[in-house]
Each structure stands twice: as C-alpha cells, then as structure tokens.
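The structure appears right after this line, and notes come after that.
As a basis for the values below, the full set of heavy atoms in this structure was taken, side chains included, without hydrogen atoms, waters or symmetry mates. Just so we're on the same page: letters track the sequence lines, and every chain starts at 1.
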4 protein chains.
Amino acid sequence: MRPKDESKREAILNSAMVLINTYGLAHTSMSKIAREAGVSPATIYIYFENKDHLLITLYVEVKREMSRAILDSLDDDLEIRDAFRLMWENLYAYYLAYPDHFVFAEQFCNAPIVDAVEKEDAEGFFAPFTHLIERGQDAGVLKPVSLDLLLAFAFHPLTQLAKQHVKEGTAMDDEGLEAAFSCAWDAVAIS
Amino acid sequence: MRPKDESKREAILNSAMVLINTYGLAHTSMSKIAREAGVSPATIYIYFENKDHLLITLYVEVKREMSRAILDSLDDDLEIRDAFRLMWENLYAYYLAYPDHFVFAEQFCNAPIVDAVEKEDAEGFFAPFTHLIERGQDAGVLKPVSLDLLLAFAFHPLTQLAKQHVKEGTAMDDEGLEAAFSCAWDAVAIS
Amino acid sequence: MRPKDESKREAILNSAMVLINTYGLAHTSMSKIAREAGVSPATIYIYFENKDHLLITLYVEVKREMSRAILDSLDDDLEIRDAFRLMWENLYAYYLAYPDHFVFAEQFCNAPIVDAVEKEDAEGFFAPFTHLIERGQDAGVLKPVSLDLLLAFAFHPLTQLAKQHVKEGTAMDDEGLEAAFSCAWDAVAIS
Amino acid sequence: MRPKDESKREAILNSAMVLINTYGLAHTSMSKIAREAGVSPATIYIYFENKDHLLITLYVEVKREMSRAILDSLDDDLEIRDAFRLMWENLYAYYLAYPDHFVFAEQFCNAPIVDAVEKEDAEGFFAPFTHLIERGQDAGVLKPVSLDLLLAFAFHPLTQLAKQHVKEGTAMDDEGLEAAFSCAWDAVAIS
DNA sequence: GATGAATGAGCGTTCATTCAT
DNA sequence: AATGAATGAACGCTCATTCAT
C-alpha cells in the first residue's frame, strides 16, 4: 500500500484557505477545494472525516502556527514592556508574512462554526499572551483589571490595523509601529 | 397594485439575520429564509434583487442603525472626553440590546462579500467617530496619530469585549465599563 | 402559482417502477428516475419527501390497486368456493395485465426497506383475503387452521406461478388455471 | 506465493450476506463488506472478480447448501409421501437454522440480478424436488399436472410461512407443521 | 403583490474499482 | 496475498432563481 502523502494533505488545507479567503466560506465547496489542490474529491475524505473537520483542522493549525510565531525569541528574562513589544512585533510581522492565515482566521472565528472547535484547542492560542499579562500584573506594571480587558486592548487593535493593511496592501513603518505600540502600552500599563 | 408590505420586508431581513447568526452565512439559503419569514421564496425576489443584494442591504441597514444609536444624545458642546465616553456607552448598550445586529455585522464584515458593499454606504458608519476624533486632535486632547490608529484603539477593543459578553451571556457592570473606558482613553489621549 | 401536476407525480412513480424492475432497487437512482420521467431531479422532491418515501408510496399504491382488482365483482352472496375462485382469477388476471406492479412488489417486499412500511398500510392489502377465509372457516368449508397457513396455500403458489409466467412471457390457459385452482382448493378446503 | 485464505473468502461472503439482509442490496457497498469482514476493499478483488460475481457466487453457494440440506437422509426407497414429508421438514429446519441464507436468497432471487446466474447453477437446486415429483407422478400418487404447478404448491407456501416466522422470531410446532404438511399434500396428491 | 411549482447546477459524500507498495 | 491510498463517476439531495397563475 501507498503511504499517506503529506504534501496532499497540505495542498488540501492550503487550497481550502485560499478559496475561503477569496470567495468566502459560503462559496467554497469540497469539489472546488479538490480541484484547486489537484486531487479527487474523494481523496479529501482520506485525510479529513468531513468538511467541518477539514475546516476546523485548518483553523486549529493556523492558530497553532500563529501562537508559535509570537513566541519567537521570547524569553522570561525580558522586561515586561520589552516582551510585550516583541510579541506585538512578532504578531504584526506574522500578519504581514502570512496574511492568508490571518484573514482566514478572522472569517472563521466570526462564523458560528467556530463553536465546534474544542475549547482546549482554541484557548491554547492565547496562552502566551495570558502568561505575559499575568506576569505584568504581578510585577505591578500592568493595570489590575480583568485578563479579557487587557487582552482586548493589548492585541486586538493590532489585528484590526493589520486587517486594514492587508486589505489595502500597505504596512506600518517603524515609526507607525512605534506610535501604535505606544497606544497599546498606554492602554494597559500603569502610567 | 398593492403596495409592498413593509412588514414582510422586515420579516425577511430579520429571518436572514437570525439564520445567519445561528447557522452561518454558508448554511443559510433563500428557501430557509423564506420559511422562517413565513413567505414564499419567490416573494423575497419582489423585495430584493437577489441573495447578495439582500445580504448587503441587511448589512448596510444594521450599520446605519448602529450609527444612529451611537449618536444618541451626542452634542458638539460636550467636552471631548465626555462625548467619547457617551459614544462608548451608547455603542456598548447597543451591542447588549441588539446582539443579533452586532454578531451578524461581525460575521459579514469578515467575509469577502463585504467588499461588495458600496464604499459610501460602508464608511458612513464611521463618520461620527471620525468627526469626534478630528475634533479631539484639533483641540490637542487626542494623540496626533493617524485616524485609523485611533479608531482601532478607541472602539475596536469594545467590540471584542462585547463579542465575548454576548457569547457568554454576561455584561460589564458600571465599574467594569469605567475601567474599560479608562484603558481606551489612555490609549488615545495625550496623558 | 402553478397547481401540482398529477401527471408528473404518476410519471415519477411509473418511471421508478420500470427502472427498478429493469435494473433493480440497487441501481435505480433519483437522477435516473427523473430522467426517465422527464423532470428535474429537484422536482421529485416536490412530490415526495425523499427516496424512501417515494419507494414506499409506490409500494403502498401498487398494493392498494392489487387489492382493489381482486375485489372486482366480488359479492358476499357468492358461495365460498366461487368467491375464492373469483379472487383467484382476478388476481391472476391482474398479474398478467400489470406484470410491472407485481414484479416490483415482489422485489420490494423481499428487501429490508419493506419494514419501513406502516403496518396499517401493509395489511390493508390482505383484508379481502382474510375476510373470505374467516367466512369460509365459519361456514365449515375451509380447514380450521391458522389464517397465515391458509393464506400461504391459497394465494402464494399463484404468485409463484405468475412470477414464472411473467418472466417467460407465457400464461396459463383456462385448463391450466382450473388445474391450479383445484390444487389450491384441495389445499385449503375440507375434503 | 501464499495460498488464498479460505477463511477470508468465507468472511467476505458472510459479511456480504449479513449486510444485505440488514440494509438491503441497495445499501451494501464493497467498502462496507470489507470493513465488516475485517479486510481491505482491495482484498475482495483477489477472491472475486467484481461485485456482481461476489453476489452471484454467494447466491449459488447458498442455494447449493440448501439443496444439500434438503437431501439429508433422503432415500429412493422411501414412500413418496414420506420422502416428500422428509424434504419438507428438512427445508423448514434449514430455514430456521440458517435464516440468513434464506432471507438473502429471497431478496436476491426477486431482484433482476438473479437473471445473471447461469441457468445450470440455478436449476441444480430444484433437481431433488423435480426428481421426487416425477417419481410420484409415475407412481400415480401425485396429480398429473405440470411440474411447475406441483412445485409451486408443494414447497412455495412453506417458504412463505418460513419468511413470516423468521421475521417474527416464531416457529411452527410439530402440530402446526403437521397441519401445514397436510395442506401441501392435499394440494398435490390424488385424493 | 404574492405564490408554490419547477428547474439545472451544484452540494457534501460514497461508490466500485485500481494503484503502488 | 494483502493492503490502504487514490480516483472519476455517481449518489441523494438542496441551491438560487424563475415560471405560471
């Protein structure tokens, strides 16, 4: 027997992402994914149980890669502000480097299908953020408010900015990034 | 010729919104919308040219209502901070009062179909925000950074918070709202 | 709106029967039925909830017609033997006149799907037989054995004979029919 | 080269029979048969040329075993009636002992695929019946009517009765069997 | 204006069979 | 001999839309 072809699995996942970003979840069919990936529709079902599983797998893997990218060069010895800044830059760099991942994740997580993602899979993504924020609060550097609140101010505006930049094909320069980070830091840090 | 029945139009739009929020854009068909609205599929085409037009109309109307809600009690004589605060509270109140509108808008604006919305329709929504921010910058109260950046920090975290609260069925109390607003203000105001 | 087209419903049912008799239940798809009936596959679903409902409806209607044919000219005033004979002849005549009905019913009732037929629908068919047999037993003309047993001998061999005749394109002449009926009568009557 | 594994062949045939009896010819796929038999779909094609061959082989083997069972203890020295009675009892016992065989055979032989069975394979089954009937007619014990007619009355009602008993999980006791046999004998014997 | 009937195209999925190991 | 991977065609069914009343 032939071994499973890992490149096929990835072609399927990537084709799904590209089509979803281009035409939307609503107009991306299994046949189209298969055609784009250069396989038979039936082949998809060797790698994924059904369409929902395929989409959820794609989301979870994208989120996992995002999570990994953010942690790059991160170190517990860094000052809170520097660590925060590094994650912020990592995230923005990731958004620019893999806009597909990012655009897909935003579409997916705003659709009801996201509720089918297992909780542990979903929340793993936020762990590095959470950890940093708790560290910052313990050190008396970050405001003593709820985690959700800090998360919303620390990283969500960046996502919003990246969304616009990806759509317009623009990007922030160092100065813009510096200004943006300042806003974020002012929002969450004790002045 | 009977006049078009406004209540039918409303029923169709509302049914679409409810189904899309429950099952997703991808699983909401014209037949289902018709059944939910208690009309024939053919009737929908009397009120809307086709499915895309129906969805876009729904989005634009939802956004327009949001816009209107935010402006409630707003007055150019208010101090910048107070005006900002009022809009912030209006928006959060609207999210809680009409979670359907809000959930639908988030799903829609993260799907590619949003690109089919006429620019003037889409941007009208932001006008009150824009106007306020420009006033604040002129007065030297808000940071002299790009409009997009201030918008991202001033209102986007609130959307993110509301998304969680709607999903979990919770809400911020006055104290929480105060803390959240402080973060937003610190992000955008000159300290 | 257009009224439902009764001729379409019948074309669908008849096409299904013809295809099932020719190619078997296993090789008769909704598309093929639609093509044979000259309608769109989607149209079938206006008249029948799904494939199973279509097949079951077909079976029940075929059985109902058989039942009606058997009762033709039947009269409670007839002697038991004459009534029995009339039903026997009616049934054989029906088999020869509508071999499709008969062949379909045999295939259907030997497949597991027959278990999905509502009991009352299924047993209505046997009512005339049952009634006659009970009358015969009360009159002391038929053997006092179980109903199932008498039914099995009174009518099932005829079905078997008809099956062969239909397949071979032959038929019993009057003499053959007389001989066959004698066997049946000897089987069930008190000598 | 390993020798073909007879137990695998049996497992495939038996799995096919079980699935067909449970879900019907129409819903029994090669993959399901393979899964049920604990082999790969490809393995089935080592033992059988294709699906039709598999089904036909199954039918022919089932019929051959039935045929063998009926002949058990049969002896040309027996009186016609006793021989007839023995075959009748053998057949009923076989039906009760191997209801799967019997249910499968009835489904199969009422579907068009039965026409693909080679004539000699199919008719071999009836040889013992035929032989007995001819002996009985020569001896002047059985009615001098066509073979098909006698066969239809002699054994077909039993099949019908067994079908009901298998479905209901009941069985005839000795008394019931005696009564049933009497009917059959009265049908075919010269009084 | 409003309807249920009607449709060809397409949906997600499984089919019987073959391939490559 | 035996396998799981792979497939194009077909499955049952629903889609967005239009027709006829």
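Summarising the geometry, the separation between NZ on D/Lys51 and P on F/dA10 is reported as 15 Å, rounded to the nearest angstrom. Atom OH of C/Tyr23 is separated from atom C1' of F/dA10 by 16 Å (rounded to the nearest Å). Separating the CD atom of D/Glu49 from the C1' atom of E/dT18 is a distance of 14 Å, rounded to the nearest angstrom. Here E/dA5 presents its C1' atom at 14 Å from CD of C/Glu6, a figure rounded to the nearest Å. Atom CZ of A/Phe48 and atom P of F/dA6 are 12 Å apart (whole Å). Put simply, CG on C/Asp52 is 13 Å from C1' on F/dC13, counting in whole angstrom units. Taking atom NE2 of residue D/His27 and atom C1' of nucleotide E/dA16, one finds them 16 Å apart after rounding to whole Å. A straight line from CD1 of A/Ile44 to P of F/dT7 spans 10 Å, rounded to a whole angstrom.
Distances shown here put every side-chain N or O of C/Lys4 at or beyond 4.0 Å from the OP1 or OP2 atom of E/dG4. The side chain of D/Lys8 contributes an N or O atom lying less than 4.0 Å from OP1 or OP2 of F/dA2. Side-chain N/O atoms of B/Thr43 include one lying less than 4.0 angstrom from OP1 or OP2 on E/dT3.
The structure places CG of D/Asn14 at 11.0 Å from CD1 of D/Ile33, a figure rounded to the nearest 0.5 Å.
Distance from the side chain of A/Ser40 is smallest for F/dT7 among the nucleotides E/dC15, E/dG12, F/dT7. Here the side chain of D/Met30 is nearest to one of E/dT17, F/dA6, F/dC13, namely E/dT17. Nearest to the side chain of B/Ala42, among F/dC19, E/dG1, F/dC11, sits F/dC19. Listed nucleotides E/dT3, F/dA1, F/dG8 differ in distance to D/Ile46; the shortest reach to its side chain belongs to F/dA1. Checking F/dG12, E/dT17, E/dT21 against the side-chain heavy atoms of D/Pro41 singles out E/dT17 as nearest. Comparing F/dC13, E/dA16, E/dG1 by their nearest atom to the side chain of C/Tyr45 picks out F/dC13.
Side chain of D/Lys32 to backbone of D/His27: a donor-acceptor contact under 3.5 angstrom is found. Distance alone, capped at 3.5 Å, is enough to place a donor-acceptor pair between the A/Gln107 side chain and the A/Leu25 backbone.
The partner of E/dG12 is F/dC11, judged by Watson-Crick or G-U wobble contacts that both fall below 3.5 Å. Judged by Watson-Crick or G-U wobble contacts below 3.5 Å, the nucleotide F/dA1 has no partner.
Annotation: of the two residues near DNA chain E, A/Lys32 and D/Arg35, the 5′-most nearest-nucleotide partner is A/Lys32. Where A/Val39 and C/Ser31 meet DNA chain F, the nucleotide closest to each residue was compared, and A/Val39 sits on the side nearer the 5' end. Checking C/Tyr47 against A/Pro3, the closest nucleotide of DNA chain E that is more toward the 5' end is the one next to C/Tyr47.
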Show your working on side-chain contact (heavy atoms from CB on, under 4.5 Å) between C/Phe48 and C/Leu55 and close with a plain yes or no. CA-CA 9 Å; C/Phe48 305 95; C/Leu55 298 181; over 6 Å; no
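Between the side chain of A/Ser29 and the base of E/dG12, no donor-acceptor pair of N or O atoms lies under 3.5 Å.
Salt-bridge check for D/Glu65 with D/Arg68: failed, with every basic side-chain N at 4.0 Å or more from each acidic carboxylate O.
With contacts defined as side-chain heavy-atom distances shorter than 4.5 Å, the pair D/Met30/D/Leu54 qualifies.
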